[in-house]
Every structure is written in C-alpha cells, then in structure tokens.
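Only one structure is covered here, and it is reproduced in the block below.
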Amino acid sequence: MKSEPNVYSIADLQRERKTIWEGVRNYQARNFLKAMSKGDLAFFYHSNSSPPGIAGLMQVITPNIVDLTQFDANSQYYDPKSSTESPRWHTVAVEFIEAFPQLISLETLKQEFSAEELWVVRRGNRLSVMPVPEAVAKKLREMAHA
DNA sequence: GCCAACGTTGGC
DNA sequence: GCCAACGTTGGC
C-alpha cells in the first residue's frame, strides 16, 4: 500500500498506532482493499520520496470500511458522485507493526524481483494498492532484517 | 521540473 | 462506443 511520506508516513502510523487508509479513488486499488481480511499483513510503501521503497509493515485490523471522506465536501477526497445509500469507496483500518530498520529501496526491489512477482517494480505502475505473493512477502520480511 | 504511463471525462 | 483531451501519479 503506497503513501507519500510527506502526506502520511510510516512514522505517522508508528505514532498513531492505527489509521483508516483513506483516499483511494481508483477502482482496481479499491477492489484489492475490498479483498483484504482482518489479520492480513501489508507493506507500507513510500512513494514520491527519495528514495522510494518499502518502509515498514502493518496489519489489517478492520476490513471493508466505508471511506467517509467521499461524502465530505471539504475533503480533497470528496466524490460528489457517491452516495451514502450506495457508497463507492471502501477501505480498511490498519495497525502499525514495524518500521523497517532500513527502507528497502525501489532499486533493490527491482534487483530482487520481477514485474510479475512484485507489481510495484512495473514501469509506469500507478496502482496504490496491490497484492504481494506470499513467497515474495516472506523474502521481503527477511530482507528487512538482514 | 520533466515526462511517461494511464485512468477519467465528455463530445460526438 | 470511440477516442481526444485532460488530469494525476510517481520515478527520475
């Protein structure tokens, strides 16, 4: 799951312990959010930063939450085409697990994984939420503590 | 700041 | 339904 650290970083999550992952406004990303279950692990990716990369680990504590910012006309995430009767955007609540001692940079990710294994290394990739195969996730957790 | 990638919008 | 224009993402 991607976030720009100047907007919301792993340090912010560490301080707050948990957060509702608001503001995803892309249908494919939303569908991946909808597919999440309580207890699922998720990597926290810092995008638009230098260097970009995986900054830590978190866990889904509440699946399938309606993203209330879609109804808030003052929010940058407001969606006038959505309605409370039929909300368009759902998300999850996540809890902090750890900030990696050292960020796993995008450069390293590109060296270690193919575009098929880890979508974030795909050129032109703009999805903000994407699945990570279990074997890749396992290796990433090992790399984080190597 | 540039620009490739790509999703969305809206005219037709 | 097509597709050009436009806006956003995000690496570099």
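So that the names make sense, note that chain A is the first sequence line, chain B the second, and so on, each numbered from 1. The structure displayed is predicted, hence computed values, not measured ones.
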Tell me whether the OP1 or OP2 atom of [N] has a side-chain N or O from [X] closer than 4.0 Å.
X	N	result
A/K2	C/dT9	no
A/Y45	C/dG11	yes
A/K110	C/dC12	yes
A/R123	B/dA4	no

Starting from [atom2] on [N], measure out to [atom1] on [X] and report it in whole angstrom.
X	N	atom1	atom2	value
A/R25	B/dT8	CZ	C1'	15 Å
A/R122	C/dT9	CZ	C1'	17 Å
A/L127	C/dT9	CG	C1'	11 Å
A/R126	B/dT8	CZ	C1'	10 Å
A/W89	B/dG7	CH2	C1'	11 Å
A/M130	C/dG10	CE	P	8 Å
A/R88	B/dG7	CZ	P	17 Å
A/E107	C/dG10	CD	C1'	17 Å

- [ ] Return the 5'-most residue of the pair A/G124, A/Y27 with respect to DNA chain B, ranking by each residue's nearest nucleotide.
- [x]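 Closer to the 5' end of DNA chain B: A/G124.
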Task: A/Q28 vs A/N48, nearer the 5' end of DNA chain B by closest nucleotide - done: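 Closest to the 5' end, via its nearest nucleotide, is A/N48.
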Task: Heavy-atom closest contact (A/P131 atom, A/W119 atom, distance) - done: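 So the minimum-distance heavy-atom pair works out to CD-CZ3, 3.9 Å.
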TODO: Give, for atom OG1 of A/T69 and atom CG of A/N74, the distance between the pair rounded to the nearest 0.5 Å.
DONE: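 Between atom OG1 of A/T69 and atom CG of A/N74 there are 12.0 Å.
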- [ ] Mark yes or no: A/K139 above the aromatic ring of A/F113, with NZ or CZ under 6.0 Å from the six-membered ring centre and no more than 45 degrees from the axis.
- [x]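 Judged by the rule (NZ or CZ under 6.0 Å from the ring centre, within 45° of its axis), A/K139 counts as positioned above A/F113.
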Task: Residue A/L106, side-chain atoms from C-beta onward, closest of C/dG10, C/dC12, B/dT9 - done: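 My answer, after comparing the listed nucleotides, is C/dC12.
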- [ ] Counting heavy atoms from C-beta on, name the nucleotide in B/dG7, B/dT9, C/dG11 closest to the side chain of A/S47.
- [x]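 Selected nucleotide: C/dG11.
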Task: Check: A/D72 and A/Y77 side chains under 4.5 Å, non-hydrogen atoms - done: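 Answer no - side chains too far apart.
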Open item on the list: Can a donor-acceptor pair be found, under 3.5 Å and without considering hydrogens, that links the side chain of A/H46 to the backbone of A/I10?
Closed with: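 Yes: the side chain of A/H46 pairs with the backbone of A/I10.
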